[in-house]
Amino acid sequence: MALKTVEQKKRVGRGEGSGKGKTSGRGHKGFKARQGRDRPLRGFQGGGTGILKAFPKFGFRARKKHSSRLYLDALQYWVQSGRLDASKPITLKDLVVSGCVRRLREEVVLLARGYTHFNIKVDIEVTRATRKSIEVIESQGGSVKAVFIDSLAAQAIMKPEKFAIPPLDPIPVKKDDIARYIDPSRRGYLSSVTTVEDGEQLVEKLLALTKPGSGDKVYRPAKSL
């Protein structure tokens, strides 16, 4: 019966007489002599300007909007616990101040989680709402209003004391946003002031809303986020 031999761990750096002292068998300098890494980083070319830095970069990555989610079950709990007053319309600021939404980012999206137990009447203002959540709230006699905000509008909502003159409500400029907020089925806040026609007429109507004397309310073009 052959016995297994126990392999002894190599002891390095214990004097030159051992053969593995001084540089511990790693040789002199270089990447292989360093601790933690035995090869250069990808793209390293000997210390000169690498090819990844030598050539210019083109294009960009579109930044996604930061959304805060609001669920129907959480909304009902906040109302029933007295943190939100359902006797008056619930605004974006009310949602943030009550803690139902952590902070007002760029969107507050109303989702239908917990819709089977939702049984209260609320009039609420959000930036987006799913069709199911709209259907459930309106079945209880409530209403949903989808409004568009940008970074300037969000600041004015949460900290109005910083503005000597409050800014006008923004009007969307992107194609997808325009389609959403003029759509009555999505309860867009512009659905009452314009109707879907051909592209040129729609743009002219939206631009007319940004000029004084165009109607009861004047809007401003949205600030880029």
Side-chain angles (χ1 to χ4, degrees), residues 65-160 166-172 174-197 202 205-206 209 214-220 222 225:
K65 288 186 176 181
H66 296 287
S67 300
S68 297
R69 298 179 179 180
L70 173 61
Y71 298 103
L72 289 181
D73 53 359
L75 177 61
Q76 177 166 331
Y77 177 76
W78 249 250
V79 172
Q80 292 178 343
S81 61
R83 301 182 189 182
L84 283 173
D85 186 6
S87 62
K88 61 180 182 179
I90 298 174
T91 63
L92 293 172
K93 185 173 182 178
D94 295 334
L95 294 173
V96 178
V97 172
S98 67
C100 191
V101 173
R102 181 173 296 181
R103 56 182 173 177
L104 184 59
R105 293 183 171 182
E106 297 163 0
E107 286 186 330
V108 177
V109 184
L110 181 62
L111 303 174
R113 190 186 74 180
Y115 72 93
T116 54
H117 305 289
F118 191 83
N119 55 9
I120 60 174
K121 177 185 176 182
V122 291
D123 299 315
I124 190 168
E125 178 185 273
V126 290
T127 60
R128 279 198 295 143
T130 61
R131 297 185 188 277
K132 185 65 177 179
S133 62
I134 294 174
E135 177 186 346
V136 172
I137 287 181
E138 292 182 349
S139 67
Q140 299 297 327
S143 64
V144 178
K145 181 180 180 182
V147 298
F148 175 79
I149 62 171
D150 56 5
S151 57
L152 183 61
Q155 294 176 22
I157 290 173
M158 297 309 303
K159 297 181 180 179
L168 298 173
D169 292 336
I171 198 169
K174 293 183 178 180
K175 184 185 298 184
D176 293 342
D177 291 336
I178 292 174
R180 177 180 296 116
Y181 293 106
I182 66 174
D183 189 355
S185 65
R186 299 182 182 182
R187 305 303 183 262
Y189 74 117
L190 295 177
S191 60
S192 61
V193 296
T194 183
T195 57
V196 178
E197 300 170 356
L202 178 59
K205 280 193 172 184
L206 293 179
L209 294 175
S214 61
D216 297 334
K217 189 174 181 64
V218 181
Y219 297 88
R220 62 176 175 82
L225 296 174

* **Trace of the side-chain contact (heavy atoms from CB on, under 4.5 Å) decision for Arg113 with Arg69** => CA-CA 10 Å; Arg113 190 186 74 180; Arg69 298 179 179 180; over 6 Å; no
Check whether more than 12 heavy atoms from other residues, nucleotides or ligands sit under 6.0 Å from atom CZ of Arg83, and answer yes or no.
yes
Under 4.0 Å between a Lys/Arg side-chain N and an Asp/Glu carboxylate O for Asp177 and Arg180?
-> yes
d(Ile149 CD1, Leu104 CG) to nearest 0.5 Å is 4.0 Å
Checking the side chain of Thr91 only, and the main-chain atoms of Glu125 only, is there a donor and an acceptor separated by less than 3.5 Å?
no
- Side chains of Ser185 and Arg131, donor plus acceptor under 3.5 Å: yes
Distance col, row Gln76:CD vs Ser81:OG, nearest 0.5 angstrom, shows 10.5 Å
The residue among Val97, Ile157, Leu70, Val101 that forms side-chain contact (heavy atoms from CB on, under 4.5 Å) with Leu92 is Ile157
Practice item. Look at the side chain of Ser191 and the backbone N and O of Asp183, then say whether any donor-acceptor pair between them is shorter than 3.5 Å. Key: no
When rounded to the nearest 0.5 Å, the distance separating CD1 of Ile171 from CD1 of Ile178 is 7.5 Å
Heavy-atom closest pair (Ile137 atom, Val144 atom, distance to 0.1 Å) is CD1-CG2, 3.8 Å
Item checked: More than 12 heavy atoms from other groups under 6.0 Å of OH on Tyr71 -> yes
| task | May I ask you to decide if Val122's main-chain N or O and Gln140's side chain share a donor-acceptor pair within less than 3.5 Å? | result | no
Residues Thr116, Val136; criterion side-chain contact (heavy atoms from CB on, under 4.5 Å); working and verdict:
CA-CA 9 Å; Thr116 54; Val136 172; over 6 Å; no
Between the CG atom in Asp94 and the CD1 atom in Ile124, the distance rounded to the nearest 0.5 Å is 9.5 Å
Between the CG atom in Leu95 and the CZ atom in Arg102, the distance rounded to the nearest 0.5 Å is 14.5 Å
Distance col, row Leu84:CG vs Ser98:OG, nearest 0.5 angstrom, shows 4.0 Å
